[in-house]
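Below: one structure, written as structure tokens.
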Amino acid sequence: MAHASVGHVHLKVADLERAINFYRDILGFELNQKFGTQAAFLGAGGYHHHIGLNTWESAGATPPPRGHTGLYHSAFLYPDRPALAAVLKRIVEAGIPLDGAADHGVSEAIYLRDPDGNGVEIYRDRPEKDWPRDNHGELKMGNAPLDLNALLAESP
């Protein structure tokens, strides 16, 4: 049986340029196509788009209130610790607040919100051979604190 994979996330945003600036300039995605002030498509590694942004139903809108259903977060995988550190450095320099950070054993993750209040996780995976396992070989993920200063020290 064939398996599915995630192709992209498409977000309603209030201000297209503000959202482009966040996903391109802070998170590092490439702007591949833009349709005026209504939609944009960003990707990484030459892919046509991992992120779609539009204002078709949301231009000037406010984020949904907390406690309602909707997107919890989008997660973006970076290839290694220095790449994750470089994004964290841009986040800090831009004054964007963090919601949290954690060492999950299998990965190191940082949580924040985009300009429209959507949850964002940026992370890097450890090599699978280094994933923590219990005595039976089962995956044993955790939620330990992540040392952000040590990570920032690895920024190129």
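We use all heavy atoms of the structure for the numbers below, so side chains are in, but hydrogens, waters and symmetry mates are not.
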Do Val87 and Phe76 pass the side-chain contact (heavy atoms from CB on, under 4.5 Å) test, and can you show the C-alpha distance, the side-chain angles, and the key distance before you say yes or no?
-> CA-CA 11 Å; Val87 177; Phe76 301 106; over 6 Å; no

Between Arg113 and Val120, does a side-chain contact (heavy atoms from CB on, under 4.5 Å) hold up when you go through it step by step?
-> CA-CA 5 Å; Arg113 303 218 161 259; Val120 173; over 6 Å; no

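Of all the heavy atoms in Glu121 and Ala109, the pair that sits closest is OE2-CB, 3.4 Å. Residues Ser74 and Leu71 come closest through the heavy atom pair OG-CD2, 3.8 Å. The shortest heavy-atom contact between Ser155 and Ala86 is OG-CA, 3.6 Å. Contact detail for Gly105 and Asp103: the closest heavy-atom pair is N-OD1, 2.8 Å. Taking every heavy atom of both residues into account, Asn143 and Ala102 meet most closely at OD1-CB, 3.2 Å.
Between Phe41 and His49, the two ring planes are perpendicular [angle over 60°; tilted spans 30° to 60°]. Ring geometry for His50 against Tyr47 counts as tilted: the plane angle lies between 30° and 60°, on a 0 to 90° scale.
With sequence neighbours left out, the side chain to side chain contact (heavy atoms under 4.5 Å, CB included) criterion links Leu98 to Leu88, Ile91, Ile110, Leu112, Leu148.
A distance of 7.5 Å separates CZ of Arg81 from CZ of Arg126, quoted to the nearest 0.5 Å. The OG1 atom of Thr55 sits 12.5 Å away from the CG atom of Leu11 when rounded to the nearest 0.5 Å. Atom CG of residue Asp125 and atom CG of residue Leu84 lie 10.5 Å apart, to the nearest 0.5 angstrom. The distance from atom CZ of Arg24 to atom CD of Glu30, rounded to the nearest 0.5 Å, is 11.5 Å. Atoms CZ and CD1, on Arg18 and Ile20 in that order, are 12.0 Å from each other to the nearest 0.5 Å. Here the CH2-CG distance, from Trp131 to Leu139, works out to 6.5 Å after rounding to the nearest 0.5 Å.
Cluster annotation: Ile96 is connected to Phe29 through the hydrophobic network of ILVMFWY side chains, with a link wherever side-chain heavy atoms come within less than 4.5 Å. Note on Ile122: it does not cluster hydrophobically with Leu77, by side-chain heavy-atom contacts below 4.5 Å among ILVMFWY residues. Phe35 and Leu16 fall into different hydrophobic clusters, defined by Ile, Leu, Val, Met, Phe, Trp and Tyr side-chain heavy atoms under 4.5 Å apart, directly or through other members.
Using a 4.5 Å cut-off on side-chain heavy atoms (C-beta onward), Val106 and Tyr123 make no contact. A 4.5 Å side-chain heavy-atom check between Leu152 and Lys89 finds at least one atom pair inside the cut-off. In this structure the side chain of Asp99 never reaches within 4.5 angstrom of the side chain of His73, judged on heavy atoms. Between Trp56 and Lys12, every side-chain heavy-atom pair lies at or beyond the 4.5 Å cut-off.
Asn32 contributes a side-chain N or O that, together with a main-chain N or O of His48, makes up a donor-acceptor pair within less than 3.5 Å. Counting only distance, with no hydrogens or angles, the side chain of Tyr78 and the backbone of Leu27 share a donor-acceptor pair below 3.5 Å. Using a distance-only test at 3.5 Å, with no hydrogens or angles considered, no donor-acceptor pair links the side chain of Asp116 to the main chain of Asn118. Ser58 places a side-chain N or O within donor-acceptor distance of the main-chain N or O of Val13, the cut-off being under 3.5 Å.
Atom CZ of Arg66 sits in a sparse spot, with 12 or fewer heavy atoms from other residues, nucleotides or ligands closer than 6.0 Å.
Of the residues Leu42, Ile51, Asp25, the one that meets the side-chain contact (heavy atoms from CB on, under 4.5 Å) test with Leu31 is Leu42.
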